[in-house]
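Before any comments, here is the structure.
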Amino acid sequence: MQDVSTLLLDSTQRLLSDLSERNASRTADAADLSADWHQIEEMGLPLAFVDEAHGGLGLDQKTAFELVRMCGRHVLAHPIVETMLANHFSVTAGGALCDGPVHSLGKLTRMQQELAALARAMQMAGALETILAMTISHVEERSQFGRPIAKFQAVQHSLALLASEVAAATAAADHAVGRFEEDADTATLAIGIARARIGEACSKVSALAHQLHGAIGYTREHRLHHFTTAVWKWRDEFGTQSWWTRRVGQMVLANGRGEFWPMVTSA
């Protein structure tokens with residue numbers, strides 16, 4: 001299974017990179033989007049969370065969520081993650097696989113919302129990683145006063161802050177996935193912490209990245225704003241940052257002040 005998972009991840013990375021480059025170089029029409037979605041379905045990505053017994057890929061949770069992270073690294077017009085979740089929710093409820101892309105999941109149960117919120121956390125983590133890589137590349141290539149702006153101390157300081165936010169967000173998402181894989185019923189707190197922390201990181205990373213890019217980051221030709229607007233949208237889905245922050249507060253205080261520190265040290 002490990003070899004199969006590695007092969008799938010490598011193939012998915014190549015496919016999403018190709019689709020991202022194609023989408024950036026042309027204005028996609030209905031025929032283009034349909035052809036792209038056919039490739040996505042051929043790869044089996046919409047079936048990442050479906051077991052083999054129901055026609056899915058039968059992946060472990062870690063690999064499935066890694067595919068979600070990859071989808072975040074390449075912001076496309078296709079609702080890949082939404083369709084992954086819709087297929088999972090449908091088959092676990094005794095229904096059939098979805099026919100084509102699913103753009104909206106509708107009303108969710110508590111457990112479904114938590115899985116969807118965790119998937120969005122991993123998607124945002126992937127997007128933040130791309131924003132960081134994009135920003136590093138930009139400050140190394142752009143020059144002022146005869147040297148790359150990456151050599152200036154103020155730029156290095158801002159880049160360090162950006163990188164630390166991405167690292168913290170990614171760590172929170174990975175921890176939540178690990179807890180979810182261990183026991184989905186007890187992963188609510190970890191998911192809430194991940195969503196609250198990543199929501200905070202999205203604001204700081206977006207501001208720093210646009211500051212370091214300057215006006216070019218807002219232009220239609222540049223990809224940065226596609227990622228920053230995506231994470232702004234995603235952080236409000238399946239529970240906003242403030243909603244998850246309140247949820248975390250309620251959970252950690254539910255057992256009284258005497259249990260707060262043991263909970264923190266055992267996390």
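It should be emphasised that the depicted structure is a prediction, and the values quoted were computed from it without experimental measurement.
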Can you tell if the side chain of [X] reaches within under 4.5 Å of the side chain of [Y], non-hydrogen atoms only?
X    : Y    : answer
Q211 : V155 : no
D51  : L57  : no
L115 : F238 : no
K204 : L162 : no
R73  : L16  : no
H175 : I193 : no
T186 : D183 : yes
M43  : S11  : yes

Heavy-atom closest contact ([X] atom, [Y] atom, distance):
X    : Y    : answer
I191 : A117 : CG2-CB, 4.2 Å
Q112 : K107 : OE1-O, 4.4 Å
P101 : P79  : CB-CG, 3.7 Å
P46  : I40  : CD-O, 3.6 Å
A121 : I198 : O-CD1, 3.4 Å
S20  : R223 : OG-NH1, 3.8 Å

Find the distance between [atom1] ([X]) and [atom2] ([Y]) and round it off to the nearest 0.5 Å.
X    : Y    : atom1 : atom2 : value
D36  : L19  : CG    : CG    : 5.0 Å
D60  : E66  : CG    : CD    : 10.5 Å
L15  : D10  : CG    : CG    : 12.5 Å
E52  : L47  : CD    : CG    : 11.5 Å
H213 : H225 : NE2   : NE2   : 11.0 Å
M70  : L45  : CE    : CG    : 9.5 Å

Identify, with sequence neighbours excluded, every residue that meets side chain to side chain contact (heavy atoms under 4.5 Å, CB included) alongside [X].
X    : value
A201 : L128, E165, A169, R197
S17  : Q13, H74
Q156 : none
M111 : T109, E114, A184, D185

Any donor-acceptor N/O pair, R195 side chain to G239 backbone, under 3.5 Å: yes

Partners passing side chain to side chain donor-acceptor pair (under 3.5 Å) against [X] (at least two apart in sequence or in another chain):
X    : answer
K62  : none
Q241 : none
R247 : none
S158 : none

Salt bridge (charged side-chain N to carboxylate O under 4.0 Å, His left out) partners of residues 38-48, not counting sequence neighbours, each pair once: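 Salt bridge (charged side-chain N to carboxylate O under 4.0 Å, His left out) check on residues 38-48 returns no pairs.
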
Derivation of the side chain to side chain contact (heavy atoms under 4.5 Å, CB included) call for N255 and F260: CA-CA 8 Å; N255 294 324; F260 177 72; over 6 Å; no

Residue pairs passing the ring-ring contact (aromatic ring centres under 6.0 Å, His included) test where at least one lies in residues 31-61, sequence neighbours excluded: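 Passing the test, one end in residues 31-61: F49-F65.
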
Residues M84, L67; criterion side chain to side chain contact (heavy atoms under 4.5 Å, CB included); working and verdict: CA-CA 10 Å; M84 288 179 180; L67 290 176; 4.2 Å; yes

Residue pair T170, R69: steps toward the side chain to side chain donor-acceptor pair (under 3.5 Å) verdict: CA-CA 10 Å; T170 301; R69 193 204 307 265; 4.8 Å; no

Please output the side-chain donor-acceptor pairs of residues 132-139 that fall under 3.5 Å, not counting sequence neighbours, one pair per line with the distance.
| residue | atom | partner | partner atom | Å |
| --- | --- | --- | --- | --- |
| T135 | OG1 | I131 | O | 2.7 |
| S137 | OG | E141 | OE2 | 3.1 |

Chi angles and distances behind the side chain to side chain contact (heavy atoms under 4.5 Å, CB included) call for V248, T245: CA-CA 5 Å; V248 169; T245 301; 5.9 Å; no

Pair listing, side chain to side chain donor-acceptor pair (under 3.5 Å) test, anchored in residues 80-99, at least two apart: E82-R120

Side chain to side chain contact (heavy atoms under 4.5 Å, CB included) between T188 and M251, intermediate numbers included: CA-CA 9 Å; T188 305; M251 292 185 68; 3.7 Å; yes

